[in-house]
There are 2 protein chains.
Amino acid sequence: MKAITQLKNQGFRITLPRQEILNTLENYPLTVREISHTLKTKNILVDLTSVYRSLELFKQMGIVQEIDLGDGMKRYELIRQDKHHHHFVCNNCGTIKDISSKIEKKMMKDIQSKTKFLIQDHSLEMFGLCQKCN
Amino acid sequence: MKAITQLKNQGFRITLPRQEILNTLENYPLTVREISHTLKTKNILVDLTSVYRSLELFKQMGIVQEIDLGDGMKRYELIRQDKHHHHFVCNNCGTIKDISSKIEKKMMKDIQSKTKFLIQDHSLEMFGLCQKCN
DNA sequence: TTGAATGCAAAGCTTTTGCAATTCA
DNA sequence: TGAATTGCAAAAGCTTTGCATTCAA
């Protein structure tokens, strides 16, 4: 279901800030500042606070996902239909690429049966050099 | 090589704060506040700033490793000899357990050959319920 | 019209920086 | 002794909160 529809269906208002924030997230994960800056270049001024609040709402609605690359800022990306994936960050140019792996599920099952922990979620981030920078 | 020896060999001073900070890290990853608080219960008062600075030094010397569980605070743990591992965090009681997996290396190789990215490092954190809480 | 959403200012946290005082070697 | 290390105060950076104003429905 499209994010906007989802908002409407759940009784939330379709505001310009919300629509535009969602638009910025089309391509790759962004920080709050990056979202705000992107909007500024389109002459759409949205306060940082509102960006934070919108993202919090989107997160709770399952529209958006928070990712942490360990650099002190959270990043946000749209959740595409059940396409669980991870990220590769280039240490040189900073580009973020989506990564998905088939072995992953097996790995989680393995760990779960070995440890008897119930794994509800996990995050996997990779760092290195992208094809261009290598 | 023991951390203290390593410090001495590299010309750094063996101070009480440094020794005691290292001691707190024996068991599991701690935040800066947790380190400071642990020391306080032992009547050892070390300023937060000094904890930060010691950890930064230890990190650069390869004695300590920074981990990010996405809750806004960095955690620090001793690096044991080439025992690369990851973490499982219980969503209920907060316990952090070390996890290591054999499949992991294969997974990285797989991704590397598929994407042509050079993977230099990665982080994997798992969240769920531990045996006790499940 | 009216409650939801936004903007602005201020505060809350973690982490960093500057500098004088202290301390290890 | 003297440079390295620490502590204290202040600042920096990300995020949250309070409240009056604005706006979608």
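By convention in this document, chain letters (A, B, ...) are assigned in the order of the sequence lines, proteins followed by strands, and residues within each chain are numbered from 1.
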Separation of C/dT23 atom P from B/L7 atom CG, nearest Å, is 19 Å
Rounding to 0.5 Å, atoms CZ (A/R33) and NZ (A/K40) come to a distance of 8.0 Å
| Salt-bridge present (B/K106, B/D110; N to O < 4.0 Å) | yes
Distance col, row A/Q60:CD vs A/Q10:CD, nearest 0.5 angstrom, shows 10.5 Å
*A/R53 side chain N/O closer than 4.0 Å to the phosphate oxygens (OP1, OP2) of D/dT16?*
no
5'-most contact on DNA chain C (nearest-nucleotide basis), B/I14 vs B/R75, goes to B/R75
Sugar-phosphate only, base, or nothing, as touched by A/T15 at under 4.0 Å among non-hydrogen atoms: sugar-phosphate
When rounded to whole Å, the CE to P distance for the pair A/M73 and D/dT15 reads 8 Å
Rounded to whole Å, CD1 of A/I44 lies from C1' of C/dG7 at a distance of 16 Å
Practice problem: Give a yes or no on whether a donor-acceptor pair under 3.5 Å exists between the nucleobase atoms of C/dA5, that is its base, and the side chain of A/R13. | Solution: no
>> Side chains of A/M107 and B/M107, heavy atoms from C-beta outward: is any pair under 4.5 Å?
In response: yes
Just to confirm, is there a sub-4.0 Å distance from OP1 or OP2 of D/dT15 to any side-chain nitrogen or oxygen of A/Y52?
-> yes
In whole angstroms, the gap separating C1' of C/dT6 from CZ of A/F12 amounts to 15 Å
Looking only at D/dT15, C/dT15, D/dT6, the nucleotide nearest the A/K74 side chain is D/dT15
